[in-house]
Amino acid sequence: PAAGSTAALSDPRRIDLRGPLPSGAEEALARELPRLIREIRLTAGRRQGAARRGRLWPARMLRRSLATGGVPFAMPARAPRPRRPEVILLVDVSWSVRRAAAFFLAVARALVSSRRKARVYLFVDRLAEATTAVARWRGSDPRELASLLESVPGLDPLAASDYGRAFYQAAHARQGSVRARRRDTVLVVLGDARSNMKEPQAWAFEDLAARCSRVLWLDPEPAELWGTGDSVLHAYLPSCDVVCEARDLDGIARGIAEIVRSL
């Protein structure tokens with residue numbers, strides 16, 4: 001392979017997921033993905049374990065002290081209820097970001113266990129509920145992703161991207177809207193915000209974001225391209241808490257780490 005290809009393969013997590021891959025890149029990415037998933041699972045587990053704290057339980061302390069003449073020899077603690085925020089994933093699966101979407105879904109599926117409340121929506125020009133379909137999917141390659149996309153009712157993978165329409169549907173449609181509660185909902189969007197010169201409907205995204213406690217956006221394009229051409233990312237940035245460049249596995253891992261910190 002060429003010198004550039006050899007350098008990229010030496011660190012598979014830095015392989016650019018946009019456009020054609022160098023020779024051997026698909027095999028390198030396939031080998032790296034399980035390692036990344038294991039690391040994220042360990043990170044999530046460590047964070048959840050460290051976050052468990054008990055606090056003094058006065059009522060039980062007083063009841064127990066009755067048996068010792070009112071002297072509180074035992075100091076019972078009450079563990080707080082585990083915080084289980086809902087995670088909503090809105091994933092652009094248009095052709096320009098399909099490879100990044102495939103790897104993101106593969107990693108996010110491993111992160112969001114069956115015990116955590118999560119919903120997945122895929123979109124190109126309109127939103128489609130895909131939680132069950134993604135849970136059953138076991139691939140990570142764009143060619144394998146095609147079968148998943150074909151199984152999701154209401155999704156047209158060949159349509160022209162329309163972020164404004166998708167966000168309006170998410171926020172205000174009578175059927176298929178994303179119902180979010182600000183108290184315990186984390187909203188995650190993956191996409192390049194390239195909307196074919198169509199109205200971005202930033203107000204609809206703002207309404208949706210206002211119902212969530214935290215909003216994260218992962219963009220598979222390099223930061224220097226944000227807001228150029230038909231990109232309308234600048235219209236959505238004021239509603240986001242965190243924006244990550246996710247052009248490779250390393251960037252996707254940073255985005256997933258931000259999700260873990262929000263849980």
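Put simply, CG on L233 and OG on S195 are 11.5 Å apart, with the number rounded to the nearest 0.5 Å. C212 contributes atom SG, which lies 8.5 Å from atom CD of E86 (distance to the nearest 0.5 angstrom). Note that CZ of R214 is 14.0 Å distant from OG1 of T185, once rounded to the nearest 0.5 Å. Atoms CZ and CG, from R247 and D250 in turn, are 11.0 Å apart once rounded to the nearest 0.5 Å. Remark: D156 CG to S94 OG distance equals 11.5 Å, nearest 0.5 Å. In this structure, OG on S151 lies 5.0 Å from CG on L148, to the nearest 0.5 angstrom.
Side-chain contact check for R13 versus L36: some heavy-atom pair is nearer than 4.5 Å. L90 places none of its side-chain heavy atoms less than 4.5 Å from the side chain of V188. Counting heavy atoms from C-beta outward, V186 and L216 have side chains that approach closer than 4.5 Å. Put simply, the side chain of V91 reaches to within 4.5 Å of the side chain of L105, judged on heavy atoms. Taking 4.5 Å as the limit, some side-chain heavy atom of L21 sits within range of a side-chain heavy atom of L29. C244 has its side chain within reach of E258: a pair of non-hydrogen atoms, C-beta onward, lies under 4.5 Å apart. Considering only heavy atoms from C-beta on, E32 comes within 4.5 Å of L249 through its side chain. Counting heavy atoms from C-beta outward, E199 and R165 have side chains that stay 4.5 Å or more apart.
No side-chain donor-acceptor contact under 3.5 Å links R126 to the backbone of D162. Put simply, the side chain of N196 gets close to the backbone of S161: a donor and an acceptor are under 3.5 Å apart.
A106 and I37 get closest at one heavy-atom pair: O-CD1, 4.0 Å. Minimum interatomic distance between A28 and P12 (heavy atoms only, all atoms of both residues): O-CB, 3.9 Å. Here the shortest heavy-atom pairing between H172 and D207 reads NE2-OD2, 2.9 Å. Nearest heavy-atom pair across L17 and R99 is O-NH1, 2.9 Å. The minimum heavy-atom distance linking L190 with A101 is given by the pair CD2-CA, 3.9 Å. Here the shortest heavy-atom pairing between P220 and A100 reads CB-CB, 3.8 Å.
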Next item on the list: Would you sort out whether W226 and E224 count as a side chain to side chain donor-acceptor pair (under 3.5 Å), showing the intermediate values?
Entry: CA-CA 6 Å; W226 297 354; E224 58 266 23; over 6 Å; no

Next item on the list: Could you walk me through whether W217 and F205 pass the ring-ring contact (aromatic ring centres under 6.0 Å, His included) test, one step at a time?
Entry: CA-CA 12 Å; W217 191 301; F205 184 72; 5.6 Å; yes

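Side-chain atoms of D125 and Y163 form no donor-acceptor pair, as typed in the model, at a separation below 3.5 Å. In the model, R119 has no side-chain atom that pairs as donor or acceptor with a side-chain atom of T131 under 3.5 Å.
Under the 4.5 Å side-chain heavy-atom criterion for grouping Ile, Leu, Val, Met, Phe, Trp and Tyr, V97 is not connected to I15 through any hydrophobic cluster. Hydrophobic cluster membership is shared by I252 and I259, with clusters built from Ile, Leu, Val, Met, Phe, Trp and Tyr side chains linked at under 4.5 angstrom. Cluster membership check: W203 does not share its hydrophobic cluster with L237, using side-chain heavy-atom separations under 4.5 Å among Ile, Leu, Val, Met, Phe, Trp and Tyr. Residues Y168 and V215 fall into different hydrophobic clusters, defined by Ile, Leu, Val, Met, Phe, Trp and Tyr side chains chained together at heavy-atom separations under 4.5 Å. Both L208 and I88 sit in one connected hydrophobic cluster of ILVMFWY residues. Membership requires side-chain heavy atoms under 4.5 Å apart, directly or through other members.
In this structure, D192 has no salt bridge (charged side-chain N to carboxylate O under 4.0 Å, His left out) partners at least two apart in sequence or on a different chain. Taking the side chain to side chain contact (heavy atoms under 4.5 Å, CB included) definition, one finds that L225 meets it with R18, R194, E221, P222, T228, sequence neighbours left out.
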